[in-house]
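Structure first, commentary second.
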Amino acid sequence: GNRKEMSVTESKNLILELINYPKEFAKKTNLLYKFTVYTPQEEMKQIIIETPETRLDTLRHIFGVDKYKRIIENSLFFATKLREEIRNYEGQLKDFEELHKKLQAKKETLKILSEKLLTEKKDLENLKLERKKIETELKEIDSKIKEKEKYEREAEKINIMLFSKREMFTNSQKEIERINQELAEIKKLSFDMKELEKHETFKSEKNLELETKNSEYLNILSEINSLESKIKEIEKLKEQILSLKLCPTCFQDVDEDYKKNIVHKFSIDSITFSKKVENLNKNKKFLIQEIENLKSEITKIEKKISDFKLLKVRLEAADEKEKRIEIIEKQILFLEQDTKLLENQIILMRESASNLKKYENIFESKNRELESWMKKDKEKEMRVVELIKEMELTEIDIKEIEKEIERKEKIKERMLYFAALEEWVSDKFLSIIKFTEKNIMAKLREEFSKLFNEWFNILVPDTFTVKLDQDFTPIIEQQDYELDYSFLSGGERTAIALSYRLALNQTLNSLLSKIKTHDLVILDEPTDGFSEQQLDKMRDVLDELKVRQIIIVSHEAKIESFVENVIKLKKDKGFSIVES
């Protein structure tokens with residue numbers, strides 16, 4: 001009994017809430033509402049004349065069975081995506097077998113390289129052994145060459161000794177000749193001891209005189225220095241007196257005349273000292289000349305003394321020289337013997353060295369042979385290093401290929417999983433869904449067809465038989481002949497549409513038990529084109545419906561006798577109003 005004012009959307013939501021419709025049905029186009037509560041009669045006729053596929057899609061949506069179609073479409077889409085992924089994986093696995101072949105080839109290459117490396121290492125060992133053998137031979141030959149060089153060095157040493165001996169022999173002969181000449185000259189010389197003593201006495205006198213002169217010279221220097229110091233002191237005192245203004249004792253002003261007198265006195269002293277220095281410098285110059293003359297005389301005397309002493313020594317050495325001649329003559333005899341012995345030794349050493357000279361050529365030959373083996377050895381070592389490097393690179397390639405194969409094995413596993421999943425979706429899952437949908441639709445069609453036939457028999461008894469085919473299309477038969485819907489009369493087509501509408505309503509209400517539309521039906525012009533007999537049958541239809549509330553929109557006056565309440569509407573200036 002409450003009245004409310006609300007918008008169309010609000011009233012729509014309230015009605016859907018009252019009949020317990022799911023929220024997703026609160027849309028502008030709500031087929032479920034149309035087919036459970038209210039469908040205009042012309043729209044119901046429209047579903048009958050639609051194409052079977054459109055009708056089935058509409059009914060699937062109404063029955064909520066369209067989810068199976070969505071499942072099928074989604075499954076097909078999913079299967080297509082799976083096939084795309086499988087093709088993508090197949091593309092990634094295109095070189096999978098090639099990788100296995102490549103891996104096998106790399107492993108074979110590694111095996112071959114390993115065998116080659118083993119062979120090369122053995123060859124290298126043999127080369128090293130051969131090289132060591134040649135090196136040993138070279139050492140032996142080298143020892144022979146060193147022995148030859150030793151003989152040559154010894155011969156060279158002996159030759160040097162021989163040269164030395166010969167030189168000593170020549171020098172000894174020359175020395176004898178020289179000593180003899182010296183002896184001859186000494187015998188011609190005469191020596192006077194008194195003359196020597198006289199010169200030595202004269203030298204002592206001159207030395208004493210030189211000492212006296214040096215002492216005088218030092219005294220003059222000392223006196224000159226003392227006088228020069230006094231002159232400097234006087235000059236300094238003169239400057240101090242001239243610059244003096246106060247007496248340092250009584251602190252009175254010093255008179256200029258007094259200062260001049262004192263400075264004059266100092267100047268006289270300074271001139272006196274300067275004259276003395278001048279005289280002393282003259283004496284010093286004279287002394288220096290005398291000292292130089294004495295030194296020159298002493299030098300001449302010393303030379304004469306030295307000549308006398310040398311002569312004395314030469315005369316005294318005459319005996320020694322004669323003895324020296326005897327010693328040298330003996331040495332010459334020994335030198336002659338040593339020279340012969342050394343000459344023989346040189347011959348022996350050179351013969352021994354000559355016998356060993358052949359080893360030089362052998363050494364050169366063996367050395368070239370060793371260089372050849374070392375070159376082969378180095379080449380073999382390089383080959384071994386190259387093989388090891390090649391093996392390392394091959395192992396890296398193998399690891400990378402194995403890693404790639406492992407990655408592609410996972411891709412293959414993923415592809416096989418996707419393939420199995422695609423097969424399951426395409427074959428098993430879709431079959432089950434289609435089978436499930438088919439069974440549900442078959443069950444619905446069976447119930448729907450039964451109700452459709454019952455309602456139609458009430459409205460049009462004993463004339464036609466009706467049923468639904470696989471596409472929920474009404475099949476109308478009369479005396480075993482199938483009639484097309486378009487050939488029926490208007491009332492018959494309305495009867496077909498109303499029966500279809502009521503059967504659909506009941507089927508939906510039994511299927512969707514949670515919605516509250518079991519006791520509510522709205523019929524819009526349900527008797528359009530009905531005959532009087534069919535209008536009478538309409539009462540039976542309304543009784544059979546057994547719902548709490550039926551709303552009928554109709555222009556048939558006879559319908560008023562079928563209902564409890566009548567609301568009459570009329571148009572007034574374009575507006576629909578309730579008649580009072």
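Quick note: residue numbers are just sequence positions, from 1.
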Checklist entry - Under the 3.5 angstrom rule, does the side chain of T136 hit a backbone N or O of K132 as a donor-acceptor pair? => result yes
Item to check | M6, CE atom: more than 12 neighbouring heavy atoms under 6.0 Å | outcome: yes
Checklist entry - Checking salt bridge (Lys or Arg N to Asp or Glu O under 4.0 Å) for the pair K375/E371: CA distance, chi angles, key distance, verdict? => result CA-CA 6 Å; K375 186 178 178 182; E371 286 176 358; over 6 Å; no
Checklist entry - Any side-chain heavy-atom pair from Q506 and W455 closer than 4.5 angstrom? => result yes
Item to check | N-O pairing of R407 and E404 below 4.0 Å | outcome: yes
Next on the checklist: For K81, is there an ion pair with E84 - N to carboxylate O distance below 4.0 angstrom?
Outcome noted: yes
Checklist entry - If you draw a 6.0 Å radius around CD in E17, do more than 12 non-hydrogen atoms from other residues or ligands fall strictly inside? => result no
Checklist outcome for this item: Partner of I388 under side-chain contact (heavy atoms from CB on, under 4.5 Å), picked from L393, L113, L117, is L117
Next on the checklist: Can you classify the ring geometry of F452 versus Y500 as parallel (below 30°), tilted (30 to 60°) or perpendicular (above 60°)?
Outcome noted: perpendicular
Checklist entry - So, are K116 and E386 salt-bridged, with charged N and O less than 4.0 Å apart? => result no
Next on the checklist: Check this for me: does any side-chain nitrogen of one of K150 and E154 sit under 4.0 Å from a carboxylate oxygen of the other?
Outcome noted: no
Item to check | Parallel, tilted or perpendicular: rings of F96 and H100 (30°, 60°) | outcome: perpendicular
Next on the checklist: Is it the case that atom CD in E446 sees more than 12 heavy atoms from other parts of the structure closer than 6.0 Å?
Outcome noted: no
Checklist entry - Under a 4.5 Å cut-off applied to non-hydrogen side-chain atoms, are E402 and K106 in contact? => result no
Next on the checklist: In the structure I gave you, are the side-chain heavy atoms of I72 and E437 within less than 4.5 Å of one another anywhere?
Outcome noted: yes
Checklist entry - Has K102 got more than 12 heavy atoms of other residues, nucleotides or ligands less than 6.0 Å from its NZ? => result no
Item to check | Smallest separation among heavy atoms of V425 and S75, with atom names | outcome: CG1-O, 3.6 Å
Checklist entry - Is the closest side-chain heavy-atom distance between D377 and L124 below 4.5 Å? => result yes
Checklist entry - Are more than 12 heavy atoms from other residues, nucleotides or ligands located less than 6.0 Å from atom CE of M161? => result no
Checklist entry - Which is it for N453 and K467 under the side chain to side chain contact (heavy atoms under 4.5 Å, CB included) test, yes or no, and what are the steps along the way? => result CA-CA 6 Å; N453 186 53; K467 60 181 179 181; over 6 Å; no
Checklist entry - Is the backbone of Q92 close enough, under 3.5 Å, to the side chain of K408 for a donor and an acceptor to pair up by distance? => result yes
Checklist entry - Counting only heavy atoms not in Q337, do more than 12 fall under 6.0 Å of its CD? => result yes
Item to check | Note, Y89 side chain near E85 side chain (heavy atom, < 4.5 Å) | outcome: yes
Checklist entry - Which atoms form the tightest heavy-atom contact between K146 and R153, and what is the distance? => result O-NH2, 4.4 Å
Checklist entry - When you measure from the side chain of T473 to the backbone N and O of D469, does any donor-acceptor pair fall under 3.5 Å? => result no
Checklist entry - Can you name the closest pair of heavy atoms from V8 and S11 and give their distance? => result O-OG, 2.8 Å
Checklist entry - Taking all atoms of both residues into account, what is the closest heavy-atom pair of K376 and L127, and its distance? => result O-CD1, 3.8 Å
Item to check | Side-chain heavy atoms of E395 within contact of L110, under 4.5 Å | outcome: yes
Item to check | With M415, the side-chain contact (heavy atoms from CB on, under 4.5 Å) member among L82, L93, N88 | outcome: L93
